[in-house]
Amino acid sequence: MVQSDLVLFSITNRVAVITVNDPDRRNAVTDEMSTRLRAAVERAEADPGVHAVVITGAGKAFCAGADLSALGAGAGGEAEPGLIRLYDGFMAVGNCSLPTIAAVNGAAVGAGLNLALAADVRIAGPAALFDARFQRLGLHPGGGATWMLHRAVGPQVARAALLFGMSFDAESAVRHGLALCVADDPVGAAVQLAAGPAAAPREVVLATKATMRATANPGSLDNEHHELAKRLELGPQAKSIQSPEFAARLARARRR
């Protein structure tokens, strides 16, 4: 296992396990974590001995969303570049050429939900919570959340999550198609599921995912839709970060 401050990376039986590793802060996304997450995904893709990737979180949370201070740093007018940096890690997961599984061990909130949604498959632990929470924070959804939720659960449930604040525990996530199954050990279950591509020729695995990406919306690639959604959401989310309501929320968070 290789350890950095914010990301753990290990390979077992052709499966890379990438762990976002800031449990004291519930694995909140910062620029540095996002950068290291992208590097870990790219490392897995570049290794011919890796056939699949599992993403999980250290401690009790999967990922509690973007660090509010990192979001607030863009409130002076440079929000869009800062947001793109925060998105970079889960966009790398979304663009990964290898099969990806999110082992959601705890809360996946905001950008943490985006990280889970970016994976091909999600396995929920008993304590998993899937919560968009953007509106409750006074934020417009970002990072392609509107598209990813539509893809995962369909328009009605996506709107319930983003417009009406609906969240999902492990069982309801499975009922609505947000997660594949519930497992007491979601990482173990994810690694077991990844044994399929691990046992197959890597070139077949890569080609199968590439074909599925192309046939989901014939004439375009599914990750191109994700990129378009991210761009469409970027301006409204940046504007919401610069609002007085978000500034007041950020000030309260910093006093805690």
Side-chain angles (χ1 to χ4, degrees), residues 1-12 15-41 43-44 52-72 85-94 96 100-119 121-134 136-137 143 145 167-174 178-194 250 253-254 256:
M1 177 178 287
V2 175
Q3 180 169 352
S4 72
D5 291 338
L6 295 174
V7 174
L8 304 178
F9 184 99
S10 64
I11 301 171
T12 304
V15 178
V17 177
I18 297 172
T19 306
V20 290
N21 181 43
D22 193 1
D24 291 342
R25 291 156 48 82
R26 294 166 55 81
N27 305 316
V29 180
T30 61
D31 285 1
E32 184 180 4
M33 177 182 282
S34 185
T35 297
R36 294 193 184 196
L37 179 56
R38 171 172 284 280
V41 172
R43 176 179 175 180
V53 176
V54 172
I55 311 287
T56 194
K60 294 182 178 180
F62 176 73
C63 176
D67 177 80
L68 287 181
S69 295
L71 285 175
R85 289 194 300 272
L86 287 172
Y87 299 159
D88 201 44
F90 63 73
M91 292 299 293
V93 175
C96 185
T100 54
I101 306 170
V104 183
N105 52 302
V109 178
L113 176 59
N114 284 358
L115 176 57
L117 288 168
V121 170
R122 288 157 293 284
I123 294 177
L129 174 69
F130 299 83
D131 187 355
R133 204 173 293 187
F134 292 106
R136 204 180 319 164
L137 294 174
S167 61
F168 309 85
D169 62 14
E171 296 292 344
S172 65
V174 173
L178 191 53
L180 179 68
C181 62
V182 181
D184 289 337
D185 176 7
V187 175
V191 170
Q192 184 176 3
L193 183 63
L250 179 61
R254 285 172 170 166
R256 290 174 187 164

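All values below come from the heavy atoms of this structure, side chains included, with hydrogens, waters and symmetry mates left out.
Gly89 and Ser34 get closest at one heavy-atom pair: N-OG, 2.7 Å. Scanning both residues, Ala170 and Pro126, for their nearest heavy atoms gives CB-O, 4.2 Å. Considering all non-hydrogen atoms of both residues, Gly143 and Phe90 come closest at O-CE1, 3.4 Å. Listed here is the closest heavy atom pair of Ala58 and Thr19: N-CG2, 3.5 Å. Here the closest non-hydrogen pair linking Val7 and Asn21 is N-CB, 4.1 Å.
Judged as a ring pair (Phe, Tyr, Trp, His ring centres under 6.0 Å), and not counting sequence neighbours, Phe62 has no contacts. For Arg25, the salt bridge (charged side-chain N to carboxylate O under 4.0 Å, His left out) partners two or more places apart in sequence, or in a different chain, are Asp22, Asp67. In this structure, the side-chain hydrogen bond (donor to acceptor under 3.5 Å, both in side chains) partners of Arg133, at least two apart in sequence or on a different chain, are Asp131. The ring pair (Phe, Tyr, Trp, His ring centres under 6.0 Å) search around Phe134 returns none, not counting sequence neighbours. Qualifying side-chain hydrogen bond (donor to acceptor under 3.5 Å, both in side chains) partners for Ser172, counting only residues two or more places apart in sequence or in other chains: Asp169.
Under the side-chain contact (heavy atoms from CB on, under 4.5 Å) rule, Val17 has a single partner from Ile55, Thr12, Val53, Val54, which is Val54.
Once rounded to the nearest 0.5 Å, the distance linking CZ of Arg43 with CD1 of Ile18 reads 9.0 Å. Considering CG of Leu8 and CZ of Arg36, their distance stands at 11.0 Å, rounded to 0.5 Å.
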Which atom pairs, one a donor and one an acceptor, fall under 3.5 Å between side chains of residues 100-117 and the rest of the protein, sequence neighbours left out?
from	atom 1	to	atom 2	distance (Å)
Thr100	OG1	Asp120	N	2.9
Thr100	OG1	Asp120	OD2	3.2
Asn105	OD1	Thr56	OG1	3.3
Asn105	OD1	Gly57	N	3.4
Asn105	ND2	Gly57	O	3.1
Asn105	ND2	Gly59	O	3.0
Asn105	ND2	Ala61	O	3.2
Asn114	ND2	Gly142	O	2.9

Only pairs under 3.5 Å count here: list side-chain donor-acceptor contacts from residues 181-192, not counting sequence neighbours, and write none if there are none.
from	atom 1	to	atom 2	distance (Å)
Asp185	OD1	Val187	N	3.4
Asp185	OD1	Gly188	N	3.0

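Looking at heavy atoms from C-beta onward, Thr30 lies in side-chain contact with Leu6 at the 4.5 angstrom threshold.
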